[in-house]
Peer 1: 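Just passing along the structure, written as structure tokens.
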Amino acid sequence: MGYPTIMAVAAERASLREKDRWEANFGAEEHFAIGVEEELLLVHADNRLADRGADAIEAASPDQADLDGELFKAMVESRSEPSPTAGAAVTALREARRELIGSGSRIIGAGAHPGAAADEGEIRGTPRYAFIKESLQGILRTPICGQHIHVSMPDEATAIRAYNGIRTHVPLLNAIASNSPFWFGQDSGLASARTAIFRSYPRAAMGPEFDDFDEFCRVTRQICIAGGIPDYTQIWWDVRLHPRLGTIEVRAADTQFDLRSAAAIAALVQCLARIEAERDQGGIPAREALAESCFQATRHGLDAKLIDRDGEAVPARVLGLRALELVAGEAGKFGCEDALGHAATILEEGSGADLQRRVHAERGMDGLLEYLVTETARLHE
């Protein structure tokens, strides 16, 4: 008598689990293809924030799908199509920058505007951004800009494995990509003020480790219910699954003014995702340890000591060289040897944060702002 009842309950639970799953399109794109997004700041001739995102997009190319508005009116976002290589993806970003500059926009590629006041910058009035404004209130102090990297996954299990593993590299990526040492007209004392500001947002943190895709769905559904948010796209972890796009998304990097650095970061993420997808994920440091290591990277940049896979604190530059050795075998497959070569240059010469501080010491804030505009417009081929 009990057996059919047990079967019925199991079927009901399976049905509920299926309904709770997010739409997933893993395997829809070429495996480990890469897509890159970058958020850019718009400024006036005096290099103050310019709330003209919609006008800039229309002037650049009104029908161009790779340019879009963002949370603040002084921001635009460009994005590539899924591409086989980081170089191809960054070429799309280069063309978007060229279109913006060619139509008269002045743009800055950095994690935050170094001199903007806390009350500068208006929020866009779309339903999505109006909801975020209502939710976050005074937390939205200033526009912040990141480089987001998507890597397509062949299936759910591979996506979970790659997601879990690449989380261990987020502190290093934070350090290499640090490019916002100044905020509100002064040195923040941090390598990435963007990350610190972003951490004040809800759901902007190191994501947890997951056993499988069902657990990811269950946890993120609960977060959405608790936060009154519509879906997982408003969960802003450093790394997250994006099932609808069939990718994992790494959100740890400040926007770069130098496109060679953008390509280096993208190539490193693509190669690391490929390796972590097949790697044994046992022994990953605790989420709390990775989060603390992320703060060390936010604070000290490439001068930080970061936790490694063995749970030891290692200088960031040493950890970076180890990562480059780890991905060396993948570089040829993805045609990114030159891009990873520039990653080695960053480890030797410093991140964008280091360069900004040098320029500021020589030229002051006005000189730094002009430097950022000039360097963002330098479209390295």
Side-chain angles (χ1 to χ4, degrees), residues 36-43 47-50 70-72 74-78 93 97 106-118 120-121 139-149 170-201 204-205 236 238 250-262 264-266 294-304 316 346 349-361 363-376:
V36 183
E37 306 165 354
E38 72 168 0
E39 298 159 337
L40 297 163
L41 294 168
L42 297 164
V43 294
N47 295 326
R48 294 187 62 182
L49 287 174
E70 249 297 335
L71 175 59
F72 282 83
M75 296 169 64
V76 293
E77 180 187 72
S78 68
L93 307 187
R97 288 191 186 189
R106 290 170 65 84
I107 56 176
I108 284 178
H113 188 289
E120 281 188 63
I139 293 175
L140 297 173
R141 300 185 294 280
T142 190
I144 52 174
C145 297
Q147 178 183 345
H148 302 161
I149 302 156
V170 165
L172 175 63
L173 294 168
N174 277 155
I176 290 174
S178 58
N179 188 32
S180 51
F182 296 92
W183 60 7
F184 312 121
Q186 62 185 8
D187 195 318
S188 67
L190 309 169
S192 177
R194 177 201 70 90
T195 304
I197 294 169
F198 194 52
R199 285 283 188 259
S200 69
Y201 293 11
W236 300 308
D238 297 320
V250 178
R251 305 165 54 85
D254 288 356
T255 295
Q256 305 295 300
F257 52 80
D258 189 334
L259 282 171
R260 295 172 301 180
S261 298
I265 294 160
C294 284
F295 175 74
Q296 296 304 314
T298 296
R299 167 66 181 88
H300 300 287
L302 286 172
D303 292 327
I346 295 172
E349 298 182 359
S351 68
D354 298 313
L355 295 175
Q356 284 198 47
R357 283 194 167 111
R358 289 174 206 158
V359 172
H360 184 267
R363 309 181 199 175
M365 182 58 71
D366 288 343
L368 172 60
L369 289 169
E370 194 60 36
Y371 170 85
L372 290 174
V373 170
T374 300
E375 290 302 307
T376 304

Peer 1: Can you tell me which residue among Thr374, Asn47, Val359 is in a side-chain contact (heavy atoms from CB on, under 4.5 Å) with Leu369?
Peer 2: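 When Thr374, Asn47, Val359 are each tested with Leu369, the side-chain contact (heavy atoms from CB on, under 4.5 Å) holds only for Asn47.
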
Peer 1: How close do Arg358 and Glu349 get, heavy atom to heavy atom, and via which atoms?
Peer 2: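 Closest pair (atom of Arg358, atom of Glu349, distance): NH2-O, 2.5 Å.
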
Peer 1: Is any side-chain heavy atom of Arg199 closer than 4.5 Å to one of Cys294?
Peer 2: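 A side-chain contact under 4.5 Å exists here.
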
Peer 1: Can a donor-acceptor pair be found, under 3.5 Å and without considering hydrogens, that links the side chain of Gln356 to the backbone of Asn179?
Peer 2: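 Present.
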
Peer 1: Taking atom CG of Asp187 and atom CZ of Arg357, what is their separation to the nearest 0.5 Å?
Peer 2: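 Interatomic distance, Asp187 CG to Arg357 CZ, rounded to 0.5 Å: 4.0 Å.
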
Peer 1: Could you tell me which non-hydrogen atom of Gly146 sits nearest to which non-hydrogen atom of Glu39, and how far apart they are?
Peer 2: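 Closest approach of Gly146 to Glu39: N-OE1, 2.7 Å.
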
Peer 1: Measure the shortest side-chain to side-chain distance between His113 and Arg48 over non-hydrogen atoms and say whether it is less than 4.5 angstrom.
Peer 2: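 A side-chain contact under 4.5 Å is absent here.
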
Peer 1: What is the ring orientation for Phe198 with Trp236, classed by angle as parallel under 30°, tilted 30 to 60°, or perpendicular over 60°?
Peer 2: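 Rings of Phe198 and Trp236: tilted, 30 to 60°.
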
Peer 1: Would you mind reporting whether Ile197 and Ser180 have side-chain heavy atoms less than 4.5 Å apart?
Peer 2: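 Not touching, per the 4.5 Å side-chain cut-off.
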
Peer 1: With sequence neighbours excluded, tell me which residues meet salt bridge (Lys or Arg N to Asp or Glu O under 4.0 Å) with Arg141.
Peer 2: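 Partners of Arg141 under the salt bridge (Lys or Arg N to Asp or Glu O under 4.0 Å) test: none.
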
Peer 1: Please give me the minimum heavy-atom distance between Ala175 and Ser351, naming the atom from each residue.
Peer 2: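 Taking Ala175 first and Ser351 second, the nearest heavy atoms are O-CB, 3.8 Å.
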
Peer 1: Using side-chain heavy atoms (C-beta onward) and a distance below 4.5 Å, is Trp183 in contact with Leu190?
Peer 2: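 Yes, side chains in contact.
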
Peer 1: Do any N or O atoms from the side chain of Thr142 and from the backbone of Ala118 form a donor-acceptor pair under 3.5 angstrom?
Peer 2: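 Judged by distance alone, no pair lies under 3.5 Å.
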
Peer 1: Test salt bridge (charged side-chain N to carboxylate O under 4.0 Å, His left out) on Glu370 and Arg363 and set out the steps.
Peer 2: CA-CA 10 Å; Glu370 194 60 36; Arg363 309 181 199 175; over 6 Å; no

Peer 1: What distance do Gln256 atom CD and Ile346 atom CD1 have between them, rounded to the nearest 0.5 Å?
Peer 2: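 Reported to 0.5 Å precision, the distance equals 6.5 Å.
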
Peer 1: Does any part of the side chain of Met75, heavy atoms only, come nearer than 4.5 Å to the side chain of Leu40, both counted from C-beta?
Peer 2: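 In short, these two side chains do not touch, never coming nearer than 4.5 Å.
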
Peer 1: Judged by atom type as modelled, is there a donor-acceptor pair below 3.5 Å linking the side chain of Arg106 to the main-chain atoms of Val373?
Peer 2: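 Flag not set: sc Arg106 to bb Val373 has no pair under 3.5 Å.
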
Peer 1: Would you sort out whether Glu375 and Leu355 count as a side chain to side chain contact (heavy atoms under 4.5 Å, CB included), showing the intermediate values?
Peer 2: CA-CA 11 Å; Glu375 290 302 307; Leu355 295 175; over 6 Å; no

Peer 1: Locate the shortest heavy-atom distance separating Ser188 from Ala193; write the atom from each residue and the value.
Peer 2: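 Closest pair (atom of Ser188, atom of Ala193, distance): OG-CB, 4.0 Å.
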
Peer 1: Under the criterion side chain to side chain donor-acceptor pair (under 3.5 Å), which of Thr298, Asn174, Asp254, Thr255 is the partner of Arg194?
Peer 2: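 Output: one option passes, namely Asp254.
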
Peer 1: Measure the spacing between CZ of Phe182 and NE2 of His360 and express it to the nearest 0.5 Å.
Peer 2: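 If I round to the nearest 0.5 Å, the distance is 4.5 Å.
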
Peer 1: Flag the pair Thr195 / Phe295 as yes when at least one side-chain heavy-atom distance between them is below 4.5 Å, and no otherwise.
Peer 2: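 They are not in side-chain contact.
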
Peer 1: Under a 4.5 Å cut-off applied to non-hydrogen side-chain atoms, are Gln147 and Val36 in contact?
Peer 2: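 Gln147 vs Val36: side chains touch.
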
Peer 1: To the nearest 0.5 Å, what is the distance between OG1 (Thr376) and CG (Leu372)?
Peer 2: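 Atom-to-atom, Thr376:OG1 and Leu372:CG are 6.0 Å apart.
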
Peer 1: Do Phe72 and Leu49 make a side-chain contact, defined as non-hydrogen atoms from C-beta onward lying under 4.5 Å apart?
Peer 2: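 Sidechains of Leu49 and Phe72: no contact.
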
Peer 1: State the OG-CD1 distance between Ser78 and Ile107, to the nearest 0.5 angstrom.
Peer 2: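 Answer for the OG-CD1 pair, Ser78 versus Ile107, is 8.5 Å.
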
